[in-house]
Amino acid sequence: MERDCIRISLRIRHPSRSAADLCRALPFAPSRTWDVGAPRTNPKGVPQPGYFAETYATFPLSESAGPPAEAVSAAAERVAPYGDRLRAWQAEGGACAFFVGWFMEGGQSGDLFEPELLGRLGALGIGLSLDIYSGADL
């Protein structure tokens with residue numbers, strides 16, 4: 001059986017700051033951004049009805065094979081130096097989360113996110129969003 005593939009991005013949402021402001025404060029390259037009040041578009045840039053209700057930025061952090069908890073732990077280490085910024089944005093009404101894409105080749109899989117890891121994420125103000133894709137979705 002193939003090993004699981006894990007992709008992790010840091011997602012930030014904010015009610016008022018610009019995406020440029022969020023991106024300047026972090027050393028990671030964003031893959032998609034928009035500003036509150038901007039006309040909505042889909043990921044390919046096609047206009048959609050309405051306007052974005054909040055600012056958004058997503059930063060790909062890693063892609064690896066192996067246990068998801070290990071990948072999340074490594075991602076937490078990468079963002080830990082910026083914890084003060086993340087918590088400040090959260091205090092302003094923003095939200096931060098790791099988006100974890102967990103790609104599995106057939107069968108089933110599992111992992112344990114230990115309390116220590118979850119506590120580290122909580123201390124950084126980072127939520128955990130898991131999307132699980134089976135072999136049929138790959």
Side-chain angles (χ1 to χ4, degrees):
M1 175 160 133
E2 293 289 322
R3 296 192 65 181
D4 295 347
C5 177
I6 310 300
R7 293 183 190 143
I8 300 178
S9 296
L10 174 64
R11 292 191 310 196
I12 302 174
R13 299 177 188 277
H14 198 280
S16 60
R17 288 187 179 263
S18 71
D21 184 31
L22 300 177
C23 293
R24 272 192 302 273
L26 298 172
F28 314 116
S31 61
R32 181 151 160 79
T33 65
W34 60 72
D35 287 320
V36 61
R40 290 185 64 232
T41 60
N42 71 14
K44 294 184 179 185
V46 176
Q48 302 292 306
Y51 298 87
F52 288 115
E54 61 192 356
T55 296
Y56 174 88
T58 185
F59 305 86
L61 295 178
S62 67
E63 182 171 336
S64 62
E70 286 181 16
V72 168
S73 181
E77 289 300 315
R78 285 191 69 195
V79 302
Y82 312 99
D84 288 344
R85 289 183 186 128
L86 301 178
R87 286 186 297 275
W89 293 334
Q90 190 176 38
E92 297 169 354
C96 302
F98 283 153
F99 175 83
V100 180
W102 183 351
F103 301 84
M104 295 181 282
E105 283 285 335
Q108 69 183 62
S109 188
D111 202 4
L112 175 63
F113 294 82
E114 293 285 355
E116 184 273 334
L117 174 56
L118 297 175
R120 284 180 25 221
L121 295 180
L124 290 167
I126 297 174
L128 186 61
S129 174
L130 295 173
D131 273 26
I132 301 171
Y133 305 91
S134 70
D137 296 330
L138 299 177

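Atom set for the values below is all heavy atoms of this structure, side chains included, hydrogens, waters and symmetry mates excluded. One is the number of the first residue; the rest follow in order along the sequence.
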Side chain to side chain donor-acceptor pair (under 3.5 Å) involving Glu54 - partner list, sequence neighbours excluded: Arg13
Compare all side-chain heavy atoms of Phe103 with those of Ser134 and state whether any distance is below 4.5 angstrom. no
Nearest-0.5 Å distance that lies between atom CG in Leu61 and atom CZ in Arg78: 5.0 Å
Taken to the nearest 0.5 Å, the spacing of Ile126 CD1 from Arg11 CZ works out to 12.5 Å
My understanding is that only residues two or more places apart in sequence, or in another chain, count here; which of them pass side chain to side chain contact (heavy atoms under 4.5 Å, CB included) with Val100? Ile6, Ile8, Val72, Phe98, Leu128, Leu130
Testing the basics here: between Ser9 and Pro60, what is the closest heavy-atom pair and its distance to 0.1 Å? OG-CA, 3.5 Å
ring-ring contact (aromatic ring centres under 6.0 Å, His included) with Tyr82: which residues, sequence neighbours excluded? Phe28
Give a yes or no answer on whether the side chain of Asp35 reaches the backbone of Ala38 with a donor-acceptor pair at less than 3.5 Å. no
Salt bridge (charged side-chain N to carboxylate O under 4.0 Å, His left out) against Glu114, all qualifying residues, sequence neighbours excluded: none
Taken to the nearest 0.5 Å, the spacing of Cys96 SG from Leu121 CG works out to 11.5 Å
Pairs touching residues 117-129 that satisfy salt bridge (charged side-chain N to carboxylate O under 4.0 Å, His left out), sequence neighbours left out: Glu77-Arg120, Glu116-Arg120
So, using side chain to side chain contact (heavy atoms under 4.5 Å, CB included) as the criterion, who are the partners of Ala25 when residues are at least two apart? Arg85, Trp89
Nonpolar side-chain network containing Phe52, other nodes, edges under 4.5 Å: Trp34, Tyr56
Side-chain heavy-atom pair Arg7, Ser62 within 4.5 angstrom cut-off: no
Kindly determine whether Leu86 and Ile12 satisfy side chain to side chain contact (heavy atoms under 4.5 Å, CB included), including the steps that lead there. CA-CA 9 Å; Leu86 301 178; Ile12 302 174; 4.1 Å; yes
Side-chain contact, heavy-atom cut-off 4.5 Å: Thr58 with Leu10? no
Shortest non-hydrogen pair, Ser18 vs Thr55, comes out as C-CG2, 3.7 Å
Answer whether the closest heavy-atom distance between the side chains of Thr33 and Pro30 falls below 4.5 Å. yes
Check salt bridge (charged side-chain N to carboxylate O under 4.0 Å, His left out) between Glu92 and all other residues, then give those that pass, not counting sequence neighbours. Arg17
Sequence neighbours excluded, the answer for side chain to side chain contact (heavy atoms under 4.5 Å, CB included) partners of Asp111 is Pro67, Pro68, Ala69, Trp102
Listed once per pair and sorted, the salt bridge (charged side-chain N to carboxylate O under 4.0 Å, His left out) pairs that draw on residues 38-51, sequence neighbours left out: none
Taking the side chain as every heavy atom from C-beta outward, state whether Thr41 and Val46 have any atom pair closer than 4.5 Å. no
Minimum-distance pair of heavy atoms, taken over all atoms of Met104 and Ile132: CE-CG2, 2.9 Å
Listed partners of Ser16 passing side chain to side chain contact (heavy atoms under 4.5 Å, CB included), at least two apart: His14
Residues which pass side chain to side chain donor-acceptor pair (under 3.5 Å) with Asp84, listed by chain and number, not counting sequence neighbours: Arg87
Indicate yes or no: at least one non-hydrogen side-chain atom of Cys5 is less than 4.5 angstrom from one of Glu63. yes
